[in-house]
Number of protein chains: 2
Amino acid sequence: MYPGQVPKTAPPEVRAALVERAATMLARREPVTLRSVVAGTGASTMAVYTHFGGMPGLWRAVRQEGFERLAARLATVAPTDDPVHDVVALGAAYVANAVAHPHLYRAMFDEAADLDDRSVADGGLAALVAAAERARAAGRFAPDCDPEQLALRYWASGHGLTTLVLTGVLPREVLLAQWPRIAKALFVDAGDDPARCARSVDAAWPPHLP
Amino acid sequence: MYPGQVPKTAPPEVRAALVERAATMLARREPVTLRSVVAGTGASTMAVYTHFGGMPGLWRAVRQEGFERLAARLATVAPTDDPVHDVVALGAAYVANAVAHPHLYRAMFDEAADLDDRSVADGGLAALVAAAERARAAGRFAPDCDPEQLALRYWASGHGLTTLVLTGVLPREVLLAQWPRIAKALFVDAGDDPARCARSVDAAWPPHLP
DNA sequence: CCAGGATACATAGCAGTGCTATAACTTGCG
DNA sequence: CGCAAGTTATAGCACTGCTATGTATCCTGG
């Protein structure tokens, strides 16, 4: 045991500790610098380079962590017999996650192009596509409605609303009020019956915010 | 004249030169640092502090410049006798501006909460609201349609699509293909006739990209 | 059980960052 | 003309991400 250090037998633990520490500092709005991150874990600056290859690598890992938390949250949304409701419920979980971890959310889409494992990020969209597909199969959406493109429109619109609120451009009330209205417009455009769509959407909104 | 310096009689010129230089470096994807900015103008680092109060102040001025360029571009969109067409034309100009100056666009919405003069930024949304108001007055949108809220939905949705493309998450084709579809959904939801709406939207899309 | 090689480590130091204190300079007004 | 106000250049501060170097730890093979 070298002077003044804890055992630290398993390398992956250091890796996880650094990512968690960075995410925590991000949540506390503290500046996430190389030295400040390692200071909380007891490790030295070199740990960041051996495990992540540098500061950009650490950020990549943090974004990865963010997408995994999002995926875990979306996974808690249990499918019902109303697929349109489920799409909105996924949106509510998405918003709840973004509001709960605003700085992590912003970091996720700051340089989203490069990630260690994009499959996790794509998984979130896949859940949306699957729900849209069920809606089409159930006759809620028109047969010529492409579930993936609808999911893309829905996600992009919600993402825009979310980022504008998280950056402080728009107040949170706008997000809560306009999201369901946009959802209804997109789903009716996709072929759903307006009255039935409104019932499904209103049943899954608003999200449970902290 | 002090050693090795140009006349430099008017202070506002230095201010403008620094902002323009920063915007240029942003467009060239060069790192915008204090020393690199002043190096191009011949001024010293202190100029940034006397004119902007520091680096964050410079960024604020750059964002301001970005919103003014956007406003100028939106102002070139001449109103026609089809207000729904005009809303989409404004969106096309918005996208063209964002694609032409992607890094400036990202900087604009990075910390959009603080600006020297928010009225310029609000002006862009106001043009959208005005067009929506004309659409309602012309009977295209329902009487109970709030033009401001519709403009908010339209802008937020387009902003989400735009940012996801600019960050490289989605390919540009998605933006070009999904924007008009979202627009139609929102406008039909606002009360427009589907067929007539489609004609108006398709007449103003796609934007002229560089 | 114990070498030996690969890996991860701590330390010190590099160039570069935003920023500030000080002093010299230029300008505008009485 | 002379003085006060405002701007500038210079030097230096603490800090950043990063690298070079030598050391300690772990895992494997005999």
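Chain naming here is simple, since letters A, B, ... match the order of the sequence lines and numbering starts at 1 in each. Only this structure's heavy atoms are used, side chains among them; waters, hydrogens and symmetry mates stay out. Note that the structure is predicted; figures quoted are calculated from it, not measured.
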Problem set entry | Whether A:S36 side chain and A:V32 backbone form a donor-acceptor pair below 3.5 Å | no
Give [X] one of three labels, base, sugar-phosphate or nothing, depending on what nucleic acid heavy atoms sit under 4.0 Å from its own.
{"X": "B:M46", "result": "base"}
{"X": "B:T50", "result": "base"}
{"X": "A:P31", "result": "nothing"}

Please report the distance, rounded to the nearest Å, between [atom1] in [X] and [atom2] in [N].
{"X": "A:W59", "N": "D:dT16", "atom1": "CH2", "atom2": "C1'", "result": "14 Å"}
{"X": "B:F52", "N": "D:dT7", "atom1": "CZ", "atom2": "C1'", "result": "14 Å"}
{"X": "B:Y49", "N": "D:dG12", "atom1": "OH", "atom2": "C1'", "result": "13 Å"}
{"X": "B:L34", "N": "D:dT8", "atom1": "CG", "atom2": "P", "result": "13 Å"}
{"X": "A:R60", "N": "D:dG17", "atom1": "CZ", "atom2": "C1'", "result": "16 Å"}
{"X": "A:L58", "N": "D:dT16", "atom1": "CG", "atom2": "P", "result": "14 Å"}

Exercise. Taking the six-membered ring for Trp, are the ring centroids of B:H159 and B:Y105 within less than 6.0 Å of each other?
Worked result: yes
Exercise. Just wondering, are more than 12 heavy atoms of other shown residues or ligands nearer than 6.0 Å to CD in A:E20?
Worked result: no
Exercise. Yes or no on side-chain contact (heavy atoms from CB on, under 4.5 Å) for A:W179 and A:T162, after CA distance, side-chain angles and deciding distance?
Worked result: CA-CA 9 Å; A:W179 183 295; A:T162 303; 3.8 Å; yes
Please tell me which of the listed nucleotides, [options], lies nearest to the side chain of [X]?
{"X": "B:A47", "options": "C:dG18, C:dC9, D:dT8", "answer": "D:dT8"}
{"X": "A:T45", "options": "D:dC18, D:dT8, C:dC19", "answer": "D:dC18"}
{"X": "A:S44", "options": "D:dC18, C:dG18, C:dA10", "answer": "C:dA10"}
{"X": "B:V14", "options": "C:dC19, D:dT8, D:dC18", "answer": "D:dT8"}

Exercise. Does any N or O donor sit under 3.5 Å from an N or O acceptor when you compare the side chain of B:R35 with the base of C:dG16?
Worked result: no
Exercise. Hey, what bend do you get for the helix from C:dC1-D:dG30 to C:dG30-D:dC1 if you fit axes on five pairs at each end, rounded to 10°?
Worked result: 10°
Seminar exercise, completed: The salt bridge (Lys or Arg N to Asp or Glu O under 4.0 Å) partner of A:K184 among A:D202, A:D192, A:D189 is A:D202
Problem set entry | Test salt bridge (Lys or Arg N to Asp or Glu O under 4.0 Å) applied to A:D122 - qualifying residues, sequence neighbours left out | A:R118
Problem set entry | Nearest non-hydrogen partners of A:A93 and A:L74, listed with the distance | CB-CD2, 3.9 Å
